Amino acid sequence: MSQAVYQPKVIVEPDACAAGQTVAEICQTEVLKQPGITLGLATGSTPIPVYQKLIDQYKKGEVDFSQINTFNLDEYVGLSGDHRQSFRFFMRDQLFRHINIDQTRVHIPDGLADDPDQHAAQYDALINQLGGIDWQLLGIGSNGHIAFNEPASAIDSRTRVVELTEETIAANARFFDSPVQVPRRAISMGIGTICEAKRIVLLATGSAKSDAIAAAIQRPPTEDCPASLLQYHRDVTYVLDAQASAKLR
Ligand code: F6R
């Protein structure tokens, strides 16, 4: 990664559905060009419309996912893949069980690894062994986090165990029966790991993301806003809905 700063491409769509459609079309084009592509995938509310459109494309026979490899950004430490709030469960439920993906090509950190630190390092190494991530989908937190790289994460951070901030725990509490059930640690790809992806698409929708988007795109890069560090990557596309783009000048 060079230290030059690049302007990202910014696409603004009227609403979350249209933004999801645009990202799914970009992803489809990538898979059609490179059937054995390695995709980096995200969880959370934002990518759900993307995954729905990818399922539609598959059901219409427009795309074949049988040769793709996937690496998910993150997983909670302490949750098994069968836990309804684990990211492995989410991916199976929202995408993988609906398409013809080869399960042996799916990679998600193991929240129950005996040694999470060692597992995280092995996950990072596996990405490299398989040739790196060709196309990475990201969401963004309202504090500018990408994956679970919270503010102050190092620009060269690798996949590792991270402590979640109170803000992120509170935001994720909506998915759990009570806030005390929200895991406090996760295994997350690092910013350095993410920035090694060849192409990056960050999808953000809703007004809660508008400040983070303005900081990420228009302020100088700083570790205080992890997404702003994407300015050091030469091939980043932001796909936004009108609300998320509202504070861009
Ligand atoms: C998920 C992830 C997170 C989310 C972010 C936004 O794998 O890495 O960084 O992208 O927390 O979450 P939503 O989309 O639920 O607002």
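Worth saying up front: this structure is predicted, and the values here are computed from it rather than measured. Counting convention: from 1, in listed order, for ligands and their atoms alike.
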### Message
Please report whether the ring centroid of Y76 lies less than 6.0 Å from that of F87.
### Response
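Centroid distance F87-Y76: below 6.0 Å, so yes.
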### Query
With ring centroids as reference points, do Y123 and F71 lie under 6.0 angstrom apart?
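Yes - the distance between ring centres of Y123 and F71 falls below the 6.0 Å cut-off.
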### Query
Among the heavy atoms of R174, does any lie under 4.0 Å from an atom of ligand 1?
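Flag set, R174 near ligand 1.
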Does [Y] offer a backbone N or O that forms a donor-acceptor pair with the side chain of [X] under 3.5 Å?
X	Y	value
D124	A121	no
H119	D110	yes
S228	T222	yes

Considering only the protein, which heavy-atom contact is closest to [atom], and what is its distance?
atom	value
atom 9 (O) of ligand 1	A147 O, 2.7 Å
atom 15 (O) of ligand 1	S45 N, 2.8 Å
atom 10 (O) of ligand 1	G139 CA, 3.3 Å
atom 1 (C) of ligand 1	T43 OG1, 3.2 Å
atom 14 (O) of ligand 1	T46 OG1, 2.4 Å
atom 11 (O) of ligand 1	H145 NE2, 2.7 Å
atom 16 (O) of ligand 1	K209 NZ, 2.7 Å
atom 8 (O) of ligand 1	D74 OD2, 2.7 Å

Only heavy atoms of [X], strictly under 4.0 Å: list the atoms of ligand 1 that pass.
X	value
G44	14 (O), 15 (O)
I140	5 (C), 6 (C), 10 (O)
L73	8 (O)

### Task
May I ask you to decide if the ring planes of Y51 and F90 are parallel, tilted or perpendicular, using 30° and 60° as cut-offs?
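Judged by the thresholds at 30° and 60°, the geometry between Y51 and F90 is perpendicular.
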### Task
Take Q243 and T205, measure what side chain to side chain donor-acceptor pair (under 3.5 Å) needs, and give me the verdict at the end.
CA-CA 7 Å; Q243 291 184 334; T205 54; over 6 Å; no
### Task
Examine the side chains of S207 and S210 and answer whether a donor and an acceptor come within less than 3.5 Å of each other.
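Absent: no donor and acceptor within the cut-off.
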